[in-house]
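Side chains included, hydrogens not; waters and symmetry mates left out as well; all remaining heavy atoms used. Positions are given from 1 along the sequence. Atoms within a ligand are numbered from 1 in the order they appear, just like the ligands themselves.
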Amino acid sequence: MGNETIAPLIDSSDEWIRRRCGIESRRRAAPDEDLVMMATAAASKALAGAGVDPHDVSAVLVATMSHRGRATTVAPLVADLLGSSSAAAMDLGAACAGFPYALATADALVRSGAAGYVVLVGAERMTDIIDERDRGTAFLFGDGAGAVVVGPAQECGIGPVIWGADGSGSELLRYDEAGILRMAGPEVFRWATSVVPDVARRALDAAGISAGDLAAFIPHQANLRITSVAAKALGLGPHVTVATDIVTNGNTGAASIPQAMAALAGTTGPALLVGFGAGLSYAAQVVELP
Ligand code: UT7
């Protein structure tokens, strides 16, 4: 859905939306396409790509903030549709930091031996939780899903997580009485541009590498300006591929990092992931792109 469709509803313009956040278009789920279908489709593709049989999956994690479906949690429904009948299944709520939070959880489950293969999905049907006439959010968010498979390996491809939360800022991104997401955009923007470079540097230190060693920088796709500020603060050189998925996908919450990873298929080497958003929550780690 292009900006021209949304702009008239919020007294905005294609030019303003591009300038303030870099978005040219975003995806909207079809009316009959629910969050479970979206998450299952992404998980199936990830399993096929990894060559892992759904029966061999021991945990399904779904990071999401937009579930308003018929069941209380999404993950058991996804596991059922995948045919992962003996898998543990749970949703993980850390909003736009959900993917790196869930990745750290999957990493810990595999390391401890509590799980073998973990399917980890970030999925959002933001259409269900935004107000199409809210000037602060209607143009920003999109629907999407992305997934990865985490499993035992000779060499660990997931670096130490740096994570945290500041609940004193929870009012900045919250649901109203009707369950609609409301955001204090400029305040969240200011918080994000200070927290992302700091958390990113700490994740690089924890992984024992420097920004110059990175092949890719894949922050949560919140706003292209936030990505640019962070890339500049980290001093990323031209050899580092910076994810700009937001231009065509919008801000897809917990799905934005795995979707951006998929868009960079073919890029190999160390990638820095940084999630941030409602909570306020943040998490970062360096991963080795396969
Ligand atoms: O994913 C979870 C975390 N979320 C984020 O990280 C999002 C963080 N926030 C943002 O990305 C930005 O705050 C937005 C993209 C949401 C908004 O951009 P902004 O530059 O912060 O806009 P603003 O709210 O400060 O408004 C600037 C101006 C105002 O006009 P004046 O007072 O300067 O005359 C607004 O009235 O733009 C006006 N404005 C709009 N104009 C056209 C506000 N919303 C719109 C709009 N269309 N939709």
Side-chain angles (χ1 to χ4, degrees), residues 1-27 63-66 93-101 122-127 129-144 146 163-167 169-175 180-200 218-231 233 243-247 249-260 273-284:
M1 180 181 284
N3 292 339
E4 67 286 352
T5 311
I6 291 173
L9 298 173
I10 52 173
D11 185 23
S12 188
S13 66
D14 175 47
E15 187 276 329
W16 188 93
I17 296 170
R18 284 175 195 246
R19 184 162 44 83
R20 300 315 286 176
C21 61
I23 296 173
E24 294 174 4
S25 63
R26 73 290 290 140
R27 312 285 179 119
T64 188
M65 64 186 290
S66 55
C96 302
F99 185 81
Y101 257 81
E124 305 285 10
R125 200 173 190 282
M126 298 301 283
T127 300
I129 61 162
I130 58 170
D131 170 0
E132 63 174 9
R133 297 200 175 261
D134 182 336
R135 270 190 121 201
T137 56
F139 62 91
L140 193 65
F141 292 104
D143 301 333
W163 52 0
D166 176 9
S170 63
E171 283 293 306
L172 300 180
L173 261 159
R174 60 176 179 82
Y175 299 116
I180 299 298
L181 186 69
R182 303 296 177 189
M183 179 173 73
E187 287 81 358
V188 176
F189 187 96
R190 272 195 292 279
W191 169 76
T193 48
S194 80
V195 82
V196 173
D198 174 55
V199 174
I218 312 180
H220 163 49
Q221 301 289 288
N223 181 325
L224 197 57
R225 285 160 58 218
I226 296 175
T227 298
S228 302
V229 168
T244 57
D245 220 45
I246 189 166
V247 175
N249 280 348
N251 177 336
T252 57
S256 84
I257 293 177
Q259 284 190 295
L273 314 182
V274 187
F276 54 95
L280 301 167
S281 303
Y282 53 85

Quick one: look up the protein heavy atom nearest [atom] and list residue, atom name and how far away it is.
| atom | result |
| --- | --- |
| atom 25 (O) of ligand 1 | Pro186 CG, 3.5 Å |
| atom 22 (O) of ligand 1 | Trp16 CZ2, 3.9 Å |
| atom 7 (C) of ligand 1 | Met183 SD, 3.8 Å |
| atom 48 (N) of ligand 1 | Arg135 O, 2.9 Å |
| atom 3 (C) of ligand 1 | Val188 CG1, 3.8 Å |

Out of [options], indicate the one that has the non-hydrogen atom closest to [atom].
| atom | options | answer |
| --- | --- | --- |
| atom 42 (C) of ligand 1 | Ala7, Cys96, Ser12 | Ser12 |
| atom 12 (C) of ligand 1 | Thr252, Leu173, Asn223 | Asn223 |
| atom 13 (O) of ligand 1 | Gly136, Gly185, Ala97 | Gly185 |
| atom 20 (O) of ligand 1 | Arg19, Glu187, Arg20, Arg190 | Arg20 |

Problem - Passing candidate, side chain to side chain contact (heavy atoms under 4.5 Å, CB included) with Phe141, options Asp134, Thr127, Asn251, Thr252 - result: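 By the side chain to side chain contact (heavy atoms under 4.5 Å, CB included) criterion, Phe141 pairs with just one of Asp134, Thr127, Asn251, Thr252: Asn251.
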
Exercise for the section: Only counting residues at least two apart or in another chain, list the ones meeting ring-ring contact (aromatic ring centres under 6.0 Å, His included) with Tyr282. Expected result: none

Problem - Any protein heavy atom nearer than 4.0 Å to atom 30 (O) of ligand 1 - result: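 There is no protein heavy atom less than 4.0 Å from atom 30 (O) of ligand 1.
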
Practice task
Using protein heavy atoms only, decide if any is under 4.0 Å from atom 36 (O) of ligand 1.
Solution key: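 Within 4.0 Å: yes, protein heavy atom nearby.
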
Exercise for the section: Record the part of Ile226 in heavy-atom contact with ligand 1 below 4.0 Å; permitted values are side chain, backbone, both and neither. Expected result: side chain

Validation row: [X], [Y] side chains within 4.5 angstrom (heavy atoms):
| X | Y | result |
| --- | --- | --- |
| Pro100 | Ile257 | yes |
| Leu280 | Leu172 | yes |
| Arg18 | Val247 | no |
| Ile17 | Ser12 | yes |
| Ile180 | Tyr175 | no |

Exercise for the section: Could you tell me which non-hydrogen atom of Tyr101 sits nearest to which non-hydrogen atom of Ala283, and how far apart they are? Expected result: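 Heavy atoms only, the tightest pair is CD1-CB, 3.6 Å.
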
Practice task
Before signing off on this row, confirm whether Asp11 and ligand 1 have an N or O atom pair separated by under 3.5 Å.
Solution key: no

Numbered atoms of ligand 1 (with element) below 4.0 Å of [X], judged on heavy atoms:
| X | value |
| --- | --- |
| Ile10 | 48 (N) |
| Ala222 | 1 (O), 5 (C), 6 (O) |
| Arg225 | 20 (O) |
| His220 | 1 (O), 2 (C) |

Practice task
Can you establish whether the number of heavy atoms outside Arg27 located under 6.0 Å from its atom CZ is more than 12?
Solution key: no

Exercise for the section: Evaluate the criterion side-chain contact (heavy atoms from CB on, under 4.5 Å) for residue pair Gln259 and Gln221; output intermediate values, then yes/no. Expected result: CA-CA 10 Å; Gln259 284 190 295; Gln221 301 289 288; over 6 Å; no

Problem - Set of residues satisfying side chain to side chain donor-acceptor pair (under 3.5 Å) with respect to Asn3, sequence neighbours excluded - result: Asp14, Arg26

